[in-house]
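Shown next, in structure tokens, is the structure this report addresses.
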2 protein chains.
Amino acid sequence: MEHFKISKTKIIPKGTLLLSYGDICSYGYKVESGCLKSYVIDSVGKEHILQFAPEGWIIADLDGFTNKKPSQIFIDSIEESTVSFISKFNYEDLNDLDKKALVDMNTKYRNNLIATHKRIIGLLSATAKQRYIDFTETYPTLVQRLPLKFIASYIGITPEYLSDIRRKIAKK
Amino acid sequence: MEHFKISKTKIIPKGTLLLSYGDICSYGYKVESGCLKSYVIDSVGKEHILQFAPEGWIIADLDGFTNKKPSQIFIDSIEESTVSFISKFNYEDLNDLDKKALVDMNTKYRNNLIATHKRIIGLLSATAKQRYIDFTETYPTLVQRLPLKFIASYIGITPEYLSDIRRKIAKK
DNA sequence: AATAAAAATTAAGGTACCTTAAGAAATAAG
DNA sequence: CTTATTTCTTAAGGTACCTTAATTTTTATT
């Protein structure tokens, strides 16, 4: 299932910034071990997490990478991680891939799109409490590993309010 | 750019339900004229719009269509529309497509994913007022055509609150 | 044109979630 | 083991956005 040019892997210490706002995004990152996250920073300096990438996942600024735009997002490491660098993920190269690779890639995009749509449904229609419960059910292993403040950011609430929610759940 | 089996087009009157919750989703819908929308209905009966599909757009329950699951969503017509029915959008058939078709499809998925990520960023980090302004800038032609209550639903607020927002914007 | 139906507005009161700030608990570092 | 740092919790007060309900405006129907 490897269709791209992948450079040798690197060990990334915890807390390392791999991609910053405004950077030209030359790489996607394939996580072999550890965990990365992507996020935006809003006008008042608050961080909003777009994606977690534990082992096996690929993370990138898809828009910047594809269209050679400066990045709108940040990517850093939540844990010490082993990461492969994927280059040349752009449109021209799609034509160089063989059919099997294209079909696999299609399937990955499609599954990602389905998951992303589900997240939108949650943000539009569920309460913060329900989104937290959904997160724990969808990503039980991440819940073990990640600081709660990152989960709060991912589901779109403050750590303080997540703390309230957890207290109320525990009291039942 | 047509890669799928497309049946003859049909004229769909305004307000017609094309796909309902629980249905097996056998088709994607390609809109030739008019406009469709997809939406979910939450536990208190409130409608949340996932997508608008004006002319040129394709709309479907991607998860149900791909994985032959009962639909989680609804699709209906906002205006009288001319619609082509796309069948056999599933995995097996991807292998029957030629390379050009696969590359095109990849590009469509990728662009859709980029747009969907932007929507998530907005829902996580922007106020309702900002999301409304962003919508009017991103889809100026839709703003002309659509009832405001549908735009409110798409950006995740009530029609009443959108009305407040618009009044405040107008007062300046 | 008249009537009905749908969409939009307005306003009052309510709730989910946020901000700030401080302290407690857990984890990391010396 | 001790201290520093990060994470988590708690609480009080505030704001963005919601609910309900009534009214007006716009659009559709006969």
Side-chain angles (χ1 to χ4, degrees), chain A residues 13-17 34-35 37 39 41-49 52 76-81 122-136 142-171, chain B residues 13-17 34-35 37 39 41-49 52 76-81 122-136 142-171:
Chain A
K14 179 175 172 173
T16 307
L17 191 59
C35 191
K37 64 176 160 67
Y39 55 98
I41 296 184
D42 70 17
S43 53
V44 295
K46 204 167 153 186
E47 181 177 317
H48 303 274
I49 295 178
F52 297 114
D76 67 16
S77 53
I78 295 180
E79 305 169 351
E80 178 178 283
S81 305
L123 287 170
L124 289 176
S125 67
T127 62
K129 179 183 174 188
Q130 191 56 51
R131 296 202 300 278
Y132 170 65
I133 292 170
D134 290 346
F135 186 91
T136 63
L142 286 183
V143 175
Q144 312 293 334
R145 291 164 72 166
L146 299 178
L148 289 170
K149 63 174 186 168
F150 290 152
I151 296 173
S153 171
Y154 184 91
I155 65 176
I157 61 173
T158 60
E160 293 83 0
Y161 189 54
L162 178 53
S163 199
D164 273 11
I165 288 172
R166 285 162 47 79
R167 180 165 26 131
K168 279 171 198 158
I169 289 174
K171 264 187 190 166
Chain B
K14 178 173 172 174
T16 306
L17 192 58
C35 191
K37 66 177 161 65
Y39 55 98
I41 296 183
D42 69 18
S43 52
V44 296
K46 205 165 151 188
E47 181 176 317
H48 302 275
I49 295 178
F52 297 115
D76 67 16
S77 52
I78 295 180
E79 305 169 352
E80 178 176 283
S81 304
L123 288 170
L124 289 176
S125 66
T127 62
K129 179 182 172 187
Q130 192 56 52
R131 295 201 301 278
Y132 171 65
I133 291 170
D134 291 346
F135 185 93
T136 62
L142 286 183
V143 175
Q144 312 293 333
R145 292 165 72 165
L146 299 177
L148 290 169
K149 62 173 186 171
F150 291 152
I151 296 173
S153 171
Y154 184 91
I155 65 176
I157 61 174
T158 60
E160 293 83 1
Y161 190 53
L162 178 54
S163 200
D164 273 11
I165 288 171
R166 285 163 47 79
R167 181 165 25 135
K168 280 171 196 157
I169 289 174
K171 265 187 186 163

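We name chains A, B, ... by the order of the sequence lines, and we start the count at 1 in each one.
When the side-chain nitrogen and oxygen atoms of A:K129 are compared with OP1 and OP2 of C:dC17, none of them lie within a distance under 4.0 Å. Of the side-chain N and O atoms in A:R166, none sit less than 4.0 angstrom from OP1 or OP2 of D:dC8.
Computed from coordinates, the B:R167 CZ to D:dT24 C1' distance equals 13 Å when rounded to whole Å. Following rounding to the nearest Å, B:L148 (CG) and C:dA7 (P) show an atom-to-atom distance of 11 Å. We find that OH of B:Y132 is positioned 10 Å from P of C:dA8, with the value rounded to whole Å. B:L123 places its CG atom 20 Å from the P atom of C:dA16, with the value rounded to the nearest Å. Atom CD1 in A:I151 sits roughly 13 Å away from atom P in D:dT7 (whole-Å rounding). Atom CD1 of B:I165 and atom P of C:dT10 are 13 Å apart (whole Å). The separation between B:E79 atom CD and C:dA7 atom P is 12 Å, rounded to whole Å. A:R131 has its CZ atom 13 Å from the P atom of C:dA16, to the nearest Å.
From B:I157, atom CD1 reaches atom CD1 of B:I165 across 4.0 Å, with rounding to the nearest 0.5 Å. A distance of 13.5 Å separates SG in B:C35 from CD in B:E80, rounded to the nearest 0.5 Å. Rounded to the nearest 0.5 angstrom, B:L148 CG and B:R166 CZ are separated by 4.5 Å.
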Dump the pairs, protein N or O against N or O of nucleotides 19-23 of chain C, anything under 3.5 Å, distances to one decimal.
unit_1, atom_1, unit_2, atom_2, d
C:dT19, OP2, A:K46, NZ, 3.3

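Under the 30°/60° scheme for interplanar angles, the aromatic rings of B:F135 and B:F52 are found to stand perpendicular.
Remark: A:D134 does not engage A:R131 in a salt bridge, criterion side-chain N to carboxylate O under 4.0 Å.
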